[in-house]
Structures are given as C-alpha cells and as structure tokens.
Amino acid sequence: MNKKTLKLTMGAMATAIFGVLLLLNRQTGNLLQDVFMFLYPVPLVAYAAMYGWKSGIPVLAAMSLLSFLFGGFTTIFYAVTQALDGLVFGGCLHAKVDRTKTLFVVMILSAAVSVLNTLVLGFVTGIDMNQEAVEMQTMMQTIADQSGMVMPENMLSVGFLKQMIIISMALFGIFQGFIVYEVSLLLLRRLR
C-alpha cells in the first residue's frame, strides 16, 4: 500500500476509534466519562508514535471536531485536552525521547490539563471555587463540631481550602498521566 494512503487511513482509523469512544460516552449518559478520560489519548498516541506530532495535528483537529459533534459540553474540554496530551506523548515516542523524560512530560501536562479543566469548567458553568471552599469549610466545621474535635483556624480558611482543591486536582492529573502512560505503552506493545 502507498505510504501516504496508509498514513491517511491510519489517521482516519484513529479518529474513528476516538469517535466511537465519544459516542459510547454520550450513549451511556457520561456514566463512563472518568474511565474514557484514560482512553481518549490512546488513538492519537498510536498515530503520533508512528508518524510524528506534525502529522498528528490534522488528526487532532478531526478529533476536536468530533468532540464538538458527539460530546457533551464538559466532554469537549476533556476530550480535546486529553487528545492533545496524546499528541505530545506520541510525538515524544516518535522522536525516541528518553522514557523517563516522556513520563515526566506526560505527567506534568496531565496535571496542567486537570487544573485547567477545573478552572475553565468552573468559569463556564458558574461554579465558583470560593463557593466550593466555603461549602467545604461549612462541612468540615459541622463534622468537627459533631465529633468534638478542635480544628486549627488556618485549616478552615477559604484560601487554604482553595489551595487544597488546586493541589488535589494537580495530583489527580499526575496520577492520570502515569496511568495514561502505562496503558498506552501496554496497548502499543500489544499492537506492536
């Protein structure tokens, strides 16, 4: 088969797999969105690992278009940012970057994407981080009063709780990047 034709059909196949994941997510009512967040980058990782990140940009654009067509409002942010994460990861694999550096890049990018998703979706949906911190403060104070515990004052401050929310989202992103890295490598090894 011609190399350009193979490249085009591989890009179409990666986009189709991504579209099937989006369609399954939509048909299940976003029930499996947390699981699919780990699978969204895999098709673009496979494509970019074979052909490089420059060739993966049109595939990323097609995947972004599919996420606008098949995804819900929150799914668009998750799918596009995870596909971008897959493009960077696949580009690192194609360029034969050291595996430790690749893992570090994927984990940092996933942490940044996780925090960005939280902030952007909070802004778009109107959920204020200050409001979340106040609700968390009220719950923690109620639990402390019921159990008879004395909580330090600075632990219940709104600023401290906002920092904890951001740090927890960054840690979630780091763990997500590690899982995406391992799952993608397992699938790529299996597919040779």
Side-chain angles (χ1 to χ4, degrees), residues 1-28 30 32-72 74-118 120 169-192:
M1 184 181 291
N2 188 352
K3 288 186 180 186
K4 288 185 179 183
T5 306
L6 182 62
K7 187 175 180 182
L8 181 66
T9 56
M10 288 294 291
M13 185 178 66
T15 306
I17 292 170
F18 185 81
V20 167
L21 290 173
L22 286 170
L23 194 59
L24 283 173
N25 186 31
R26 186 170 180 118
Q27 292 300 317
T28 58
N30 291 342
L32 301 174
Q33 182 160 322
D34 292 336
V35 174
F36 286 148
M37 281 178 45
F38 298 107
L39 298 177
Y40 287 144
V42 175
L44 198 53
V45 169
Y47 184 80
M50 289 176 68
Y51 299 109
W53 68 272
K54 286 183 184 178
S55 298
I57 291 174
V59 177
L60 175 65
M63 288 179 177
S64 299
L65 180 64
L66 276 180
S67 69
F68 281 105
L69 293 174
F70 293 133
T74 57
T75 307
I76 293 169
F77 290 109
Y78 290 129
V80 171
T81 55
Q82 291 302 319
L84 179 66
D85 193 15
L87 178 67
V88 171
F89 180 29
C92 287
L93 289 176
H94 181 74
K96 297 190 182 0
V97 177
D98 182 41
R99 300 241 182 203
T100 307
K101 289 180 184 177
T102 302
L103 175 61
F104 185 70
V105 166
V106 170
M107 289 171 67
I108 294 298
L109 185 62
S110 291
V113 161
S114 180
V115 171
L116 180 70
N117 280 337
T118 301
V120 168
M169 291 310 298
L171 285 174
F172 173 74
I174 288 171
F175 291 135
Q176 180 181 0
F178 178 75
I179 292 172
V180 164
Y181 178 83
E182 291 297 327
V183 167
S184 296
L185 286 182
L186 283 173
L187 287 174
L188 290 176
R189 284 185 194 129
R190 184 75 179 156
L191 295 174
R192 295 187 186 111

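The chain is numbered in sequence order, starting from 1.
- Of the inter-residue distances, the one linking Arg190 atom CZ with Leu188 atom CG reads 13.0 Å to the nearest 0.5 angstrom.
- Taking every heavy atom of both residues into account, Ala79 and Phe18 meet most closely at CB-CZ, 3.6 Å.
- Using a 4.5 Å cut-off on side-chain heavy atoms (C-beta onward), Leu185 and Leu93 make contact.
- By the ring pair (Phe, Tyr, Trp, His ring centres under 6.0 Å) test, Tyr181 is found to be paired with Phe89, residues two or more places apart in sequence or in another chain being considered.
- For the atom pair Ser184 OG and Leu44 CG, the distance stands at 10.0 Å (nearest 0.5 Å).
- For Lys4, the side-chain contact (heavy atoms from CB on, under 4.5 Å) partners two or more places apart in sequence, or in a different chain, are Asn2.
- Every residue two or more places apart in sequence or in another chain that forms a side chain to side chain donor-acceptor pair (under 3.5 Å) with Lys7 is listed here: Ser55.
- Here the shortest heavy-atom pairing between Tyr47 and Ala14 reads CB-CB, 4.3 Å.
- A 4.5 Å side-chain heavy-atom check between His94 and Tyr51 finds every atom pair outside the cut-off.
- To the nearest 0.5 angstrom, Met10 atom CE is 14.0 Å from Lys3 atom NZ.
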Show, in sequence, the C-alpha distance, side-chain angles and deciding distance for Met169 and Asn117, and conclude whether the side chain to side chain contact (heavy atoms under 4.5 Å, CB included) test is met.
CA-CA 9 Å; Met169 291 310 298; Asn117 280 337; over 6 Å; no

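- Tyr78 is linked by a ring pair (Phe, Tyr, Trp, His ring centres under 6.0 Å) to nothing, counting only residues two or more places apart in sequence or in another chain.
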Using residues 104-113 as the side-chain source, report each donor-acceptor pair under 3.5 Å to any protein atom, sequence neighbours left out, with the distance given to one decimal.
from: Ser110; atom 1: OG; to: Asp85; atom 2: OD2; distance (Å): 2.7
from: Ser110; atom 1: OG; to: Val106; atom 2: O; distance (Å): 3.0

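- Between Val180 and Pro41, the closest heavy-atom pair is CG1-CG, 3.9 Å.
- Scanning for side-chain contact (heavy atoms from CB on, under 4.5 Å) contacts around Val97 gives Cys92, Ala95, Lys101, Thr102, with sequence neighbours left out.
- Closest non-hydrogen pair, Gly91 versus Trp53, comes out as CA-CB, 4.0 Å.
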Please output the side-chain donor-acceptor pairs of residues 57-70 that fall under 3.5 Å, not counting sequence neighbours, one pair per line with the distance.
from: Ser64; atom 1: OG; to: Leu60; atom 2: O; distance (Å): 2.9
from: Ser67; atom 1: OG; to: Ser64; atom 2: O; distance (Å): 2.6

Hey, can you pull the donor-acceptor pairs under 3.5 Å for the side chains in residues 32-40, sequence neighbours left out?
from: Gln33; atom 1: OE1; to: Asn25; atom 2: ND2; distance (Å): 3.4
from: Gln33; atom 1: OE1; to: Thr75; atom 2: OG1; distance (Å): 3.0
from: Tyr40; atom 1: OH; to: Asn25; atom 2: ND2; distance (Å): 3.1

